[in-house]
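Any value given below was found using the heavy atoms of this structure, including those in side chains, with hydrogens, waters and symmetry copies removed.
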Amino acid sequence: MKQFFNKLEELYPWLGWWPITPKNEVTPIYSKSKKILLTNENKFEILVGAILTQNTSWNNVIKAIQNLKKLKILSPENFLNQKKNIVIQAIKSSGYFNQKYKKLFILCEFLEKNSFENLEKYKTIELREKFLGLWGIGKETADSMVLYAFNKKIFVVDTYTRRILSRNKLIEENLEYDEIRILIEKNIPNSLYKYKNYHAAIVEICKTNCKKKPLCDGCVFK
DNA sequence: CGCCAGGGCCTCA
DNA sequence: TGAGGCCATGGC
């Protein structure tokens with residue numbers, strides 16, 4: 001396991017996750033620097049992106065984010081004040097738009113009552129529980145939010161993580177989400193940037209080689 | 001054309 | 001608690 005993550009870091013020293021849209025632009029980009037100060041708009045964009053990308057390719061999410069940016073739907077308040085049809089149209093490319101509209105709506109109502117400043121005071125697990133309590137947010141989405149929008153150390157376990165670890169015989173196939181998460185957290189350094197980058201690297205490798213139908217030629221983990 | 005994508009909810013045993 | 005159905009668009 002430790003060997004696996006060392007190799008991962010060697011391959012991808014820094015992927016710049018989570019992609020954020022720079023001020024006065026509309027397209028999210030990956031950050032060259034590890035330390036960036038997130039504005040509330042940035043944080044909101046990450047939370048929205050985490051929901052929009054559920055079981056959806058990031059390319060489809062980018063278009064939705066671009067539309068939301070152009071419509072200046074950059075805050076919970078603006079989202080809630082915007083007409084449903086307009087928002088649905090904006091996020092259409094990300095698929096499941098009816099469900100996702102509802103999820104975003106519920107998230108925004110939550111954020112109106114709980115400012116980022118207040119949410120940041122919670123401990124990691126407590127903040128996770130807060131998000132998990134919202135309809136439409138499961139463990140992976142909650143953990144993405146906690147890690148990338150709030151810079152709190154929790155490892156994001158997605159289908160890619162389960163796939164690549166089980167293919168490399170580092171975990172049993174039917175291990176539960178939190179069992180995998182805790183196992184990984186025990187085996188990696190206590191570093192926020194590594195938590196982010198290891199997850200990003202797993203996604204990257206699974207997109208290129210360790211696909212559902214694996215391209216085992218040139219696999220670095222052979 | 002079919003498959004897949006940075007999941008989660010609901011239903012029914 | 002586990003399996004199966006459902007949600008939906010766009011790239012390949």
Name the closest nucleotide to the [X] side chain, picking from [options].
X	options	value
A:K103	C:dT9, C:dA8, B:dG7	B:dG7
A:Y160	B:dG7, C:dT9, B:dA5	B:dA5
A:K63	C:dG11, B:dG7, B:dC10	C:dG11
A:N98	C:dA8, B:dG7, B:dA5	C:dA8
A:N60	B:dG6, C:dG10, C:dA8	C:dG10
A:D158	B:dC10, B:dA5, B:dG6	B:dG6

Once you apply a heavy-atom cut-off of 4.0 Å, does [X] come out as touching a base, just sugar-phosphate, or nothing?
X	value
A:E140	sugar-phosphate
A:Y96	base
A:K211	nothing
A:T141	sugar-phosphate
A:T159	sugar-phosphate
A:I137	sugar-phosphate
A:Y30	base

Which label fits [X] and [Y]: parallel for a plane angle under 30°, tilted from 30 to 60°, or perpendicular past 60°?
X	Y	answer
A:F150	A:F131	tilted
A:W17	A:Y148	tilted
A:F155	A:H199	perpendicular

Value in whole Å for how far the [atom2] atom of [N] lies from [atom1] of [X]:
X	N	atom1	atom2	value
A:K213	B:dG2	NZ	C1'	11 Å
A:K92	C:dG10	NZ	P	6 Å
A:D178	C:dT1	CG	P	14 Å
A:I62	C:dT9	CD1	C1'	14 Å
A:Y177	B:dG8	OH	C1'	13 Å
A:N55	B:dC9	CG	C1'	13 Å
A:K102	C:dA8	NZ	P	11 Å
A:F97	C:dC6	CZ	C1'	14 Å

field: Under-4.0 Å side-chain N/O to phosphate OP1/OP2 contact, A:R163 with B:dC4
entry: no
Earlier contact from the 5' end, DNA chain B, for A:S57 and A:L132: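 First, find each residue's nearest nucleotide; the 5'-ward one identifies A:S57.
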task: By nearest nucleotide on DNA chain B, pick out whichever of A:K212 and A:W135 is the more 5' one.
output: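 Going by which nucleotide is closer to the 5' end, it is A:K212.
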task: State yes or no: are the ring centers of A:F4 and A:Y198 separated by less than 6.0 Å?
output: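 Ring-ring flag for A:F4/A:Y198: false, centres at least 6.0 Å apart.
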Nearest-Å distance once atom P is located in both C:dG5 and B:dC4: 16 Å
query: When rounded to the nearest Å, what value does the distance between C1' atoms of C:dA3 and B:dG6 take?
result: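 To the nearest whole Å, 24 Å.
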query: Is B:dG8 paired to anything, Watson-Crick or G-U wobble with both distances less than 3.5 Å, and if yes, which nucleotide?
result: C:dC6
- request: Searching all strands shown, indicate the nucleotide that pairs with B:dG2 (Watson-Crick or G-U wobble; both distances under 3.5 Å).
  value: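 C:dC12 is the nucleotide pairing with B:dG2.
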message: My understanding is that only one of A:T21, A:I20, A:I46, A:L74 makes a side chain to side chain contact (heavy atoms under 4.5 Å, CB included) with A:E41; could you say which?
response: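 The passing option is A:L74.
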- request: Hey, could you give me the NZ/CD1 distance between A:K103 and A:I91, rounded to the nearest 0.5 Å?
  value: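 Output value for this atom pair is 10.5 Å.
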task: May I ask you to check whether A:N190 and A:K153 show a side-chain donor-acceptor distance below 3.5 Å?
output: yes
message: According to a cutoff of under 5.5 Å between the ring centres and under 30° between the ring planes, does A:W58 stack with the base of B:dA5?
response: no
